[in-house]
2 protein chains.
Amino acid sequence: MTEPRWLNADERRAWLALLSINTMLPAALDNQLHTAGKVSLFDYNVMAMLSEAEGRFLAMSELAARTSSSLSRLSHVVTKLEKRGWLERRPHPGDARVTTAHLADAGMATLVALAPGHVEAVRAKFLDALTERDVADLARIGEKIVARLDDDHWILRET
Amino acid sequence: MTEPRWLNADERRAWLALLSINTMLPAALDNQLHTAGKVSLFDYNVMAMLSEAEGRFLAMSELAARTSSSLSRLSHVVTKLEKRGWLERRPHPGDARVTTAHLADAGMATLVALAPGHVEAVRAKFLDALTERDVADLARIGEKIVARLDDDHWILRET
DNA sequence: GTGCGTCACTTGAACGCTCAACCACGGCCT
DNA sequence: AGGCCGTGGTTGAGCGTTCAAGTGACGCAC
């Protein structure tokens, strides 16, 4: 039973900052999206990921990977968005186990309507506080952390 | 109605990384704490903040500030932890509006028991992926973001 | 000292998320 | 062909969080 290595000053600062960002940033963006269109940040992201996919659809498991969420959480949310007419579930032709989520036209329309305000909020609450250099550093460091948490996370998947 | 400024490559990388960290890191730490002692990361943090305070107590509003949470959320959690005998609410002598939360001995004991494993997890899931330089950069950048979200956040309160 | 606005919190209901259980299918292996 | 395990997904119950409303207490104006 050896003494644990406690955090030094910089480690503590980094950890506390990340912890605070972690609760405050999603809250701020959720807020903007919710007042603009009764949509959560997660809802938005689900639709955004679909909008960027070829054919505007993805398998549930792939969509879960791209939103860093559990299949269960995604399934509940897809059900909700489906009820609003923004998404549609379809069986996969080749493999009957697979369900694909398709972004409907109505979903694309709300996404397009919400996007400018959302990007503005991302800038206002986050990116505008940083220099170009900071953003590059953060991207590099952030990807290292992501790699540690999930070594084949999709955002690391480019050449 | 001008065209919004969409994100460039680094901005997008930084944003997506932060978004992923945001869901995966708390989940990983929650997991460790929950299997080690049926405690959430937020529960742990509440008790940790109290343990570091003079006299092991803080006003609810101050504790809310130090956990970046709403008073409402904190109130519910304090009720829960109080039922487990880890915390105690007391009226503030000078101002009857204020409630203070005190860390009980039992709470301190569980904190002490949980701390080594938690710190190890923070290192394993996060800090160990980074160089010393990265940690310093992240602390600096993180604090800039915190400042943007709340310009007198408590972690910025030292000289 | 009476009103009035603010502050510090609490509460209950609605909503969202997590967890464990479950089902159906596909890909084996024999 | 039959049995088996792993994969992909759904569901419902329980718990946690948010939101809006409500309760006192303080402080200031008059």
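Letters go in sequence order (proteins before strands), and every chain restarts at 1.
Judged as a side chain to side chain donor-acceptor pair (under 3.5 Å), and not counting sequence neighbours, B/Arg56 has no contacts. Taking A/His153 as the reference, nothing meets the ring-ring contact (aromatic ring centres under 6.0 Å, His included) condition, with sequence neighbours excluded. Applying the side chain to side chain donor-acceptor pair (under 3.5 Å) criterion to B/Thr35, with sequence neighbours excluded, gives no partner residue. Checked against side chain to side chain donor-acceptor pair (under 3.5 Å), B/Arg133 has no partners two or more places apart in sequence or in another chain. A/Arg97 pairs by the side chain to side chain donor-acceptor pair (under 3.5 Å) definition with A/Asp95, not counting sequence neighbours.
The stretch residues 42-69 of chain A has no heavy atom under 4.0 angstrom from DNA chain C at all.
Taking the side chain as every heavy atom from C-beta outward, A/Leu138 and B/Ile145 approach each other to under 4.5 Å.
Across all strands shown, B/Thr99 has heavy atoms under 4.0 Å from sugar-phosphate atoms exclusively, and none from any base.
Distance CZ (B/Arg84) to P (D/dC15): 11 Å, rounded to an integer number of Å. We find that CG of B/Leu71 is positioned 12 Å from P of D/dT18, with the value rounded to whole Å. The nearest whole Å value for the distance from the CG atom in A/Asp30 to the C1' atom in C/dG16 is 11 Å. Atom-to-atom, NZ of A/Lys80 to C1' of C/dC17 comes out at 11 Å; the value is rounded to the nearest Å. The interatomic distance linking A/Asn22 (CG) with D/dT17 (P) rounds to 13 Å, in whole Å. Following rounding to the nearest Å, B/Asp95 (CG) and D/dG24 (P) show an atom-to-atom distance of 16 Å. B/Leu74 has its CG atom 14 Å from the C1' atom of D/dT18, to the nearest Å.
A/Thr67 and A/Arg73 are not linked by any side-chain donor-acceptor pair at a separation below 3.5 angstrom, with hydrogens and angles left out of the test.
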(message) Counting primed atoms plus P, OP1 and OP2 as sugar-phosphate and everything else as base, spell out the protein contacts along nucleotides 1-6 of chain D at 4.0 Å heavy-atom distance: B, S or - for each nucleotide, 5' to 3'.
(response) -----B

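For residues 67-115 of chain B, the set of pairs meeting the ring-ring contact (aromatic ring centres under 6.0 Å, His included) definition, not counting sequence neighbours, comprises B/Phe57-B/His102. For residues 105-127 of chain B, the side-chain hydrogen bond (donor to acceptor under 3.5 Å, both in side chains) pairs, not counting sequence neighbours, are A/Glu11-B/Arg123. Judged as a ring-ring contact (aromatic ring centres under 6.0 Å, His included), the pairs with a partner in residues 123-142 of chain B (not counting sequence neighbours) are, in order, A/Trp15-B/Phe126. For residues 22-31 of chain B, no residue pair satisfies the side-chain hydrogen bond (donor to acceptor under 3.5 Å, both in side chains) rule, not counting sequence neighbours.
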Give me, pair by pair, the N or O atoms of the protein and of nucleotides 18-23 of chain C that are less than 3.5 Å apart, along with how far apart they are.
{"unit_1": "C/dT18", "atom_1": "O4", "unit_2": "A/His76", "atom_2": "NE2", "d": "3.1"}
{"unit_1": "C/dC19", "atom_1": "N4", "unit_2": "A/Ser72", "atom_2": "OG", "d": "2.5"}

